[in-house]
Amino acid sequence: KSKGNVLDPIDLIDGIELEALLKKRTEGMMQPHLREKIAQQTKDDFPDGIVAYGTDALRFTFAAMATNGRDINFSTGRIEGYRNFCNKIWNAARFVLMNTEGKDCATDHDNYELTTVDHWVISRLQYAESEVVRGFEAYRFDRSSTAIYEFIWNEYCDWYLELTKPVLNSDDTSDAIKAGTRRTLLRVLETAMRLAHPIMPYITEEIWQKIAPLAGKSGDTIMRASYPIFDASKQNTEAETSIQWVQAFILSVRKIRGEMNIAPGKPLAVFLVGASVQDKANAEEHLNLLQFIGRISDLTILDNEADAPESAVAMMDEMKLMIPLAGLIDKDAELSRLEKEIEKAEANIARTRGKLSNASFTDKAPELVVEKEREKLAQGETLITNLNIQLEKIKTM
């Protein structure tokens, strides 16, 4: 501090105005001749002072940056990102409480039913628990914090909460399924709070105090609650594969919406071509999710692509997801998009061919690795063929 080149953690937690920050960083310096330089640097870096980021956001930042390297490039931008993470957790807790308080959450009976989505998030939680504990045991707090962040933000908040809405908001859903979903909402969030508690003690304690009783948990404080333990019996590969398909479908639709500048809320008709038996089963099982989350008006499975109207195409492995373009797109914009996709695919193929033509790679690499590259090449060639076909279709519109 006496060199004027550090920040007081309390100032990051509580915030500080510029004038007070300048005074703190330039008083009692060991090298007073640097006072003006430090003052100017402070004004440049913090022209409005420092906003309050909170304790948990700062703690999580330090954990996430605790890599094996000796030096870290500290940035208030990272703290801001993890403050947003704290806000995300608060919003998730509010959503859960809004949908569970005063309702049947199956805490004192077994008359409930779990959906594939429920089994999926429980299974993903086991993976997160395993990764967090492995990180702590190796003193890799960055790995533990990354696993916590990925599960809570991406899987629980961004996906699971959205995927529960069709269940919670539908009059056609049975009471047993709704109870099972509420039970899962609570129990997974309660576990996630215990998982994150060592790094984020304050927000997790406050949320846990509210949701633990609803989840059937007792105790005076989260600090004395048992730490989550990986349970292999709760892993569900089938559910994970099924929901991964749903995610790929929804992301494909959103990608086309974004590229074609189609309004997020506009219902779209979707055609599936080249669907496997499993694709058809997934589409049937999750139709309600696809319609609600993906804003799909109709979903039609075609055996012959020639029967489909002119469409924007997204590939899901061997299956084509097609959205009719009539009245939806700018022809020139779609042609540009396809040309860029073809250029990207050709670049990927060139790299893969380069690997496979390199004798040192094919002779020394494990056969499974080489075979994977060959499969990637075949898939890339198929993708380019399909994209070129689509390009010609758009040109004739």
Side-chain angles (χ1 to χ4, degrees), residues 116-117 158-159 162-163 165-166 241-349 375-397:
T116 301
V117 175
D158 279 358
W159 280 107
E162 288 300 311
L163 293 172
K165 290 178 182 178
T241 301
S242 183
I243 299 305
Q244 284 171 4
W245 187 93
V246 172
Q247 291 172 320
F249 184 104
I250 292 172
L251 290 174
S252 295
V253 173
R254 288 176 177 173
K255 180 182 178 182
I256 292 176
R257 282 185 186 275
E259 291 173 344
M260 306 310 301
N261 198 27
I262 301 171
K266 184 176 179 61
L268 299 176
V270 173
F271 292 89
L272 300 182
V273 177
S276 66
V277 173
Q278 188 59 55
D279 289 328
K280 294 175 181 177
N282 287 335
E284 181 179 358
E285 178 184 358
H286 300 299
L287 180 59
N288 189 38
L289 288 179
L290 303 180
Q291 290 177 325
F292 188 93
I293 307 298
R295 299 295 188 268
I296 302 303
S297 58
D298 299 291
L299 180 60
T300 305
I301 297 177
L302 297 177
D303 295 325
N304 188 349
E305 185 176 347
D307 296 333
E310 302 298 338
S311 304
V313 176
M315 298 300 299
M316 290 177 57
D317 292 328
E318 300 300 320
M319 183 181 74
K320 290 183 181 180
L321 185 151
M322 308 177 69
I323 295 178
L325 302 174
L328 290 177
I329 71 157
D330 179 327
K331 179 179 176 180
D332 292 337
E334 178 62 6
L335 287 173
S336 176
R337 182 186 79 86
L338 288 169
E339 288 167 353
K340 289 179 181 178
E341 287 288 328
I342 292 171
E343 183 179 345
K344 179 181 176 182
E346 288 175 341
N348 290 335
I349 282 181
E375 291 176 0
K376 187 189 297 183
L377 177 61
Q379 291 172 356
E381 291 173 341
T382 300
L383 174 61
I384 286 181
T385 299
N386 291 330
L387 289 171
N388 277 312
I389 292 172
Q390 188 63 23
L391 184 69
E392 292 305 315
K393 282 186 176 183
I394 302 300
K395 287 180 178 179
T396 60
M397 285 181 62

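What you are looking at is a predicted structure, and each value in this text was computed from that prediction instead of being measured.
The two residues Ala283 and Leu272 come nearest to each other via the heavy atoms CB-CD1, 4.3 Å. The heavy-atom pair separating Leu289 from Pro166 by the smallest distance is CD2-CG, 3.8 Å. Of all the heavy atoms in Val253 and Gly294, the pair that sits closest is CG1-O, 3.9 Å.
The side chain to side chain donor-acceptor pair (under 3.5 Å) search around Gln247 returns none, not counting sequence neighbours. Residues passing the ring-ring contact (aromatic ring centres under 6.0 Å, His included) test with Trp159, sequence neighbours excluded: none. Partners of Lys340 under the side chain to side chain contact (heavy atoms under 4.5 Å, CB included) rule, at least two apart in sequence or in another chain, are Ser336. Judged as a side chain to side chain donor-acceptor pair (under 3.5 Å), and not counting sequence neighbours, the contacts of Thr116 are Glu285. In this view, Glu162 and Lys165 satisfy the salt bridge (charged side-chain N to carboxylate O under 4.0 Å, His left out) rule, not counting sequence neighbours. Listed by chain and residue number, Lys280 satisfy the side chain to side chain contact (heavy atoms under 4.5 Å, CB included) test with Asp303 (two or more places apart in sequence, or in another chain). For Lys344, there are no salt bridge (charged side-chain N to carboxylate O under 4.0 Å, His left out) partners, not counting sequence neighbours. Applying the side chain to side chain donor-acceptor pair (under 3.5 Å) test to Gln244 and every residue at least two apart in sequence or in another chain returns nothing. Considering only residues two or more places apart in sequence or on other chains, Thr241 meets the side chain to side chain contact (heavy atoms under 4.5 Å, CB included) condition with Thr237. Partners of Glu375 by side chain to side chain contact (heavy atoms under 4.5 Å, CB included), not counting sequence neighbours, listed by chain and number: Glu371.
Between the CD1 atom in Ile301 and the CG atom in Asp279 there is a gap of 8.0 Å [rounded to 0.5 Å]. To the nearest 0.5 Å, atom CD of residue Glu343 and atom CD1 of residue Ile384 are 11.0 Å apart. With rounding to the nearest 0.5 Å, the separation of CH2 in Trp245 from NE2 in His286 is 7.5 Å. Atoms CD1 and CD, from Ile349 and Gln379 in turn, are 10.5 Å apart once rounded to the nearest 0.5 Å. Between Leu387 atom CG and Thr382 atom OG1 the span is 10.5 Å, to the nearest 0.5 Å. The distance from atom CG of Asn282 to atom CG of Leu287, rounded to the nearest 0.5 Å, is 12.0 Å.
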Side-chain donor-acceptor pairs under 3.5 Å in residues 313-325, sequence neighbours left out?
{"unit_1": "Lys320", "atom_1": "NZ", "unit_2": "Glu305", "atom_2": "OE1", "d": "2.7"}
{"unit_1": "Lys320", "atom_1": "NZ", "unit_2": "Glu305", "atom_2": "OE2", "d": "3.0"}
{"unit_1": "Lys320", "atom_1": "NZ", "unit_2": "Asn386", "atom_2": "OD1", "d": "3.3"}

Checklist entry - What do the steps show when you test Leu163 against Ile243 for side chain to side chain contact (heavy atoms under 4.5 Å, CB included), and what is the final call? => result CA-CA 10 Å; Leu163 293 172; Ile243 299 305; 4.2 Å; yes
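Between Leu290 and Val270, the closest side-chain pair of non-hydrogen atoms is not below 4.5 Å.
Sorted by first and then second residue, the side-chain hydrogen bond (donor to acceptor under 3.5 Å, both in side chains) pairs involving residues 290-300 (not counting sequence neighbours) form an empty list.
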